[in-house]
Structures are given as structure tokens and as C-alpha cells.
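What follows is a set of notes on a single structure, which appears directly below.
In what follows, chains are A, B, ... by sequence order, proteins preceding strands, each numbered from 1. Scope of the values below: all heavy atoms of this structure, side chains included, with no hydrogens, waters or symmetry mates.
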Number of protein chains: 2
Amino acid sequence: MNLAQLPAGPANSIDRGSKVPLYHQLYEILRGQIVTCQWKPGDMVPPESQLVDQYDISRTTVRQVLDMLVNDGLVFRQRGRGTFVTQPTLNHGLSRILSFTEDMRQRGLTPGTRVLLSEVVGAPLEVADHLNVLPGVELAHLKRLRLANGEPLSVEDSYLVHRYCPGVLEHDYASSPLRETLERRYSLRLSRAQQTIQAVAAPKELARLLDVRLNAPMLHIERVSYTPQDVPVELLHVFHRGDRYALYNELLG
Amino acid sequence: MNLAQLPAGPANSIDRGSKVPLYHQLYEILRGQIVTCQWKPGDMVPPESQLVDQYDISRTTVRQVLDMLVNDGLVFRQRGRGTFVTQPTLNHGLSRILSFTEDMRQRGLTPGTRVLLSEVVGAPLEVADHLNVLPGVELAHLKRLRLANGEPLSVEDSYLVHRYCPGVLEHDYASSPLRETLERRYSLRLSRAQQTIQAVAAPKELARLLDVRLNAPMLHIERVSYTPQDVPVELLHVFHRGDRYALYNELLG
DNA sequence: TAGTGGTCTAGACCACAAA
DNA sequence: TTGTGGTCTAGACCACTAA
């Protein structure tokens, strides 16, 4: 059995007997084409008429799926021309959960990582609260220094509920994204997250790690990520150097 | 002619002869009911079947409109129960353009304002660039100190293209929101905005105004707002005290 | 059981872009 | 002219909620 031939990921055909709605199945299929880069930015998505024929689904349902992808920012439509895969957006970190690697690539920077700490700990009270577990429950704690073009940019402090991903710390997170391991090895997909963003002053340890003066301004993000079943899995604290990192997003009136 | 009887805002009936799509007309009508608080948070929106009858529009189209309102975060649906107006969300400042007043109300704080500066100036180079006008073009410049429960919280620096709203500075912005004046007096609706968010150190003047020490961490937001025709109207710089203000939002995987 | 939203179909006609 | 997406209709059957 070869994992590459049978990815745990999305199927590529519709199962009419399944209880999963057709539009949801088709959504997973098309989304899979895009996130795996089988359809690349700028590529035209098959026209609605072709999707209707190919999957034997009504145009209304096909359009519902495309609407979802448009909402996700994965594709855009042009009347008379077609539907196209979006160029990676500039909505840095404020609409989709990005790994540090993805974020840096989008900014045209080369990512680097140094693992500072990797240990299993009992959940501190405040962390337990965010992850909806009892204090003392085993958590995987991973602390990493992030570099952009070799320069220190951020410090990430990650707490994972260990029973959902036992042995998670045995992998190497200097080179491969944590989210990738969670998805591949533990089938843990983080589909949703809540975060707060604040400006804070760098304490001594952070200042030293990031090579800034004491009390330098930092962008602090606290994020809790959830599975599709709304189970909280990860509490993440990120501290970005204020002089080197900005968030960008778009608002509606 | 009484403005209260004939608001410039949305009509409340469908015009089948109009070139504006039905779904868009219905969207404006329903959205109007909500933003004017004729339908209040928690209220049930008329069931789809009733909207179908009332406006003589097919259910598919009615559902398309409700989908848009759901996407806007204005309503949510519950199968078997109905569709309801949302409680004002906690997505503070990261998905909809909020006035300071709205923002404070959502946080349960009492807003206050002191106008620091109000003048017409020639556009500086950097500002002109953001607003897509030539350097030197007349801009209305408004600088305000914002208070929460009487304590200094933020400083807002606003630049408006003066020819779109001549005389805008003659109104009183200590008590009424700028956006409200723009919409009522000048029919300028800000429907979209782009912003960047950064942590910065408080310079001397800001530190004095906000009663923090020099170089204290501040959350800096730079925002350009656009009309529905994509004309940039306002460049806004906001500086929030880092210890008293946080942003919150939700992400998708 | 009655009323709600959730899913899905098979059409129709239109506006726009490109050849 | 052809092919694309944009708008709209009139149904159908289902799943869930509440009385």
C-alpha cells in the first residue's frame, strides 16, 4: 500500500449513495485540485458546462460549489471568459490559516526555523482553558524561532493536545510544517481558528531571541485552531517583530 | 419634502423594470431592515416562503439573497427553526468597517472624542499616493483623540479628498461619526477598505496624548476606504494603545 | 403534524469576451 | 458566432424543530 497512490485526502469522484451532499463532495474535489497545485494560479477552471457533464450534476449545484470557492478566495470569475484560480492573495494571515512557510513564500522571503524547545508538559491552567481540556492533561509544547532571509522575525509557541497526536514531537519541525504532519500522520485537519491580535512590548527573552531592544513593539497573535468537528487542537502564540511584519486585509462597509 | 419620510437609502419594493438584478434589490431591502434596526438582533427574518410570496420572487433567488446576508454575518440560519438576525459579532474591526462608536458599543465601552485638529491641507506626497490624487490636491484633515469610558484609547488621523465632500469639516465630529456625515450629506458610501496592521512604538506626541510612556507598544492601522465605484476617499491612520485594544477575528483552514 | 431551511433538478434567457 | 458566466424560474423531496 503506497500512500502516494492512495492519499488520505479527497476522493476524485462523486458517490451518489453517500450521505454527504453532492455540492460538498464536488467542493472537496475541486478544492483538492487547487490546494495540491494540480490547477495552478491563473489556470482556468473547467467551464460550468463541462463540470455539469463530467460529474452529472445540475448547473445550479455546480455554481453553488464555485460560489464557495470564490468565497474562499481560491477562484474568481469573469463573465464571458471563464473561472480562474486566484494568485495567492495578499490577505496575509487574516482570512486563511497560513503556515509560516506559506506566509513567507507569499511575501517573497525565504523561511527558516530553529526549534527552541520541544517537550510534553502538563497543561497550565490558562492553556487548558483555551483548549477545553483539564489542567494537567498532556500537551505537546513546541517553541520555534522563525527566520526570514536568515534574519530573526518571529517566535512561535505552540501547545497541542497530545492525545490527538501522540508522538507528534518526534518529527522534525525545523524543515516541515507542523500542520502538514498533523494532517498526514494524524488526520487532524485544522479547518477553523479564532485569534486575537495585540501590540505588546518585548520582554527580555524575546528581545534577545529576536535581536531587538527591550520593550520593542511586537505584534502578538494568540490563536486557537479547531478541527472540522469543532474540537480545539492547538493554542498558538506568535510574536512578530513590529518593524518587520505587518498584517494586511480587506474590509466590507 | 421630508427626509425622514423619503430616505435616500434603499427602496422597499422591487422594481421589475429596473436593470438592477432582483437579488440585488432584495438584498438592499433586507439589509436595510437590519442596519436600521427595524429587524433587531435575535429577531426572526420572515421565512423564505413568505419572502417568495411577498416579493413574487422564486425561492432560489430569495435563498441567494439570504446566502449573501449570511456571508455578511448579518443573519444566520437554523434548519427547522428559521433565519435570525445576528447578535453584533465579535469580529472586531477585521471584517466590516466599523466606526469608533460602533466598535466601542460592541465592546461595552462608552465612546468619547476630542477633536485635535481640523483643517484643509494640500495632499502630501505619501497621502496623495494612497488616495490616487495629485500631490497638493485639497484634503480635509481631521485628527481626533478617542476615549473609552473617559480614558484615552486611540488617536485617529483622517485624510479625505475634499472635492468629494466640500465643507465636510464644518460639521461636528466630536459627537457624530464621520461616516454618517459622508453618507447623509454627500452620499459617499464607503463600501470597501484595505488596511495594514502593525505594531509600532509610540513617539513623543502620541505618548503624551494617550498617557503612555515613550515607545510604548501601539497597534497601528492604516486604512484606505473606497466607494462602491472603487474611488478611494479616505486615508485613515489609527493608533491604539497596545495595552487596551486588541483585534479579534476568525480564520478558515 | 405543520412549518422551517437544506439539497437538487432541468430548464430558460441574458450579457459579455474573444475569435 | 460561439462559449462563457449571470440571472431567474417552478418545481421536487428531504431533514430538522416545535407544538
Inset, instruction - Compare side-chain N and O positions of B:Thr60 against OP1 and OP2 of D:dT7 and report whether any pair is under 4.0 Å apart. - result: no
Inset, instruction - Could you pick out which residue, A:Glu48 or B:Pro21, lies toward the 5' side of DNA chain D when each is mapped onto its nearest nucleotide? - result: A:Glu48
Inset, instruction - Quick one: sort the B:His171 and B:Tyr186 rings into parallel, tilted or perpendicular, breaks at 30° and 60°. - result: perpendicular
Legend entry - Polar pair under 3.5 Å, donor/acceptor by atom type, side chain B:Arg59, base C:dG6: yes
Inset, instruction - Mind calculating the distance between CZ (B:Arg63) and C1' (D:dT7) to the nearest angstrom? - result: 17 Å
Legend entry - Spacing between B:Ile57 atom CD1 and D:dC8 atom P, to the nearest angstrom: 8 Å
Legend entry - All side chain to side chain donor-acceptor pair (under 3.5 Å) counterparts of A:Arg59, not counting sequence neighbours: A:Glu48
Legend entry - Nearest-nucleotide comparison on DNA chain C, the residue closer to the 5′ end among B:Gly82 and A:His24: B:Gly82
Inset, instruction - Report the distance from atom CG of B:Leu247 to atom CD1 of B:Ile221, rounding to the nearest 0.5 Å. - result: 5.0 Å
Inset, instruction - Using a heavy-atom cut-off of under 4.0 Å over every strand shown, decide if A:Leu22 touches base, sugar-phosphate, or nothing. - result: sugar-phosphate
Legend entry - Residue whose nearest DNA chain C nucleotide is more 5′ - A:Ser58 or B:Met44: B:Met44
Legend entry - Backbone of B:Glu156 reached by a side-chain donor or acceptor of B:His237 within 3.5 Å: no
Legend entry - Length of the line joining A:Gln78:CD and C:dA18:C1', which is rounded to integer Å: 12 Å
Legend entry - Short side-chain N/O contact from B:Arg81 to OP1 or OP2 of D:dC16, under 4.0 Å: no
Inset, instruction - Take atom OH of A:Tyr55 and atom P of C:dC8, then tell me their distance rounded to the nearest Å. - result: 15 Å
Inset, instruction - May I ask you to evaluate whether A:Thr61 reaches the phosphate of C:dT9, defined as a side-chain N or O under 4.0 Å from OP1 or OP2? - result: yes
Inset, instruction - Using atom CD of A:Gln64 as one end and atom C1' of D:dT7 as the other, report the distance to the nearest whole Å. - result: 16 Å
Inset, instruction - To the nearest Å, give me how far apart CG (B:Asp15) and P (D:dC8) are. - result: 12 Å
Legend entry - Flag, side chain of B:Gln25 to backbone of B:Val20, donor-acceptor distance under 3.5 Å: yes
Inset, instruction - Take atom CE of A:Met68 and atom C1' of C:dG6, then tell me their distance rounded to the nearest Å. - result: 13 Å
Legend entry - Any B:Arg16 side-chain nitrogen or oxygen under 4.0 Å from OP1 or OP2 of D:dT9: yes
Legend entry - B:Arg77 vs C:dG6: side-chain N/O to OP1/OP2 distance below 4.0 Å: yes
